[in-house]
Amino acid sequence: MSILFPKVNKPREWDYRPIYYDEEKEARKEKLARLHNHSMRDEYERRKREREAKNKSRLGFWLALLLIALAIYCFVL
């Protein structure tokens with residue numbers, strides 16, 4: 001069995017543990033992450049409001065066009 005499927009050793013795993021812990025650097029990283037997430041959420045909500053406003057104006061246009069078409073149709077008959 002070992003002739004067909006020879007045993008291949010796995011490579012050694014690399015287990016790196018940092019020696020130093022920089023508390024200020026970690027605090028900056030967390031603050032930046034919170035700021036980044038917050039600004040992305042604000043941007044998403046702003047764009048969502050813009051899309052909703054655009055959809056409402058588009059709906060108003062089609063309703064006005066439908067009313068004009070109905071008025072023309074009623075007056076012609």
Side-chain angles (χ1 to χ4, degrees):
M1 185 100 176
S2 66
I3 294 174
L4 295 176
F5 301 105
K7 182 178 177 183
V8 178
N9 293 331
K10 293 182 180 179
R12 286 180 55 190
E13 292 183 14
W14 188 60
D15 186 23
Y16 172 74
R17 293 186 186 131
I19 298 171
Y20 302 105
Y21 174 73
D22 189 2
E23 189 174 333
E24 292 177 10
K25 183 178 179 182
E26 291 295 322
R28 282 193 309 263
K29 188 187 279 187
E30 288 176 13
K31 185 177 179 182
L32 182 63
R34 278 183 290 166
L35 179 65
H36 182 66
N37 288 339
H38 184 67
S39 65
M40 287 180 64
R41 184 178 298 125
D42 289 342
E43 183 68 21
Y44 170 76
E45 290 174 358
R46 184 185 63 80
R47 288 183 180 180
K48 184 178 177 182
R49 283 192 302 269
E50 287 177 359
R51 280 193 312 268
E52 289 172 355
K54 186 177 179 182
N55 288 341
K56 285 181 184 177
S57 66
R58 193 177 297 160
L59 178 64
F61 169 76
W62 287 110
L63 286 175
L65 189 63
L66 179 65
L67 288 174
I68 291 170
L70 280 172
I72 291 172
Y73 179 75
C74 290
F75 286 120
V76 170
L77 289 178

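- Under the side chain to side chain contact (heavy atoms under 4.5 Å, CB included) criterion, Glu24 pairs with Asp22, Arg28, not counting sequence neighbours.
- For Arg47, the salt bridge (Lys or Arg N to Asp or Glu O under 4.0 Å) criterion is met by Glu43, not counting sequence neighbours.
- For Tyr44, the OH atom sits in a loose shell: 12 or fewer heavy atoms of surrounding residues, nucleotides or ligands are nearer than 6.0 Å.
- The line from CD of Glu45 to CD of Glu50 is 12.5 Å long, rounded to the nearest 0.5 Å.
- With hydrophobic clusters built from ILVMFWY side chains whose heavy atoms lie under 4.5 angstrom apart, Ile68 shares a cluster with Val76.
- Within 6.0 Å of atom CD in Glu23, 12 or fewer heavy atoms from other residues, nucleotides or ligands are found, so the atom counts as exposed in its surroundings.
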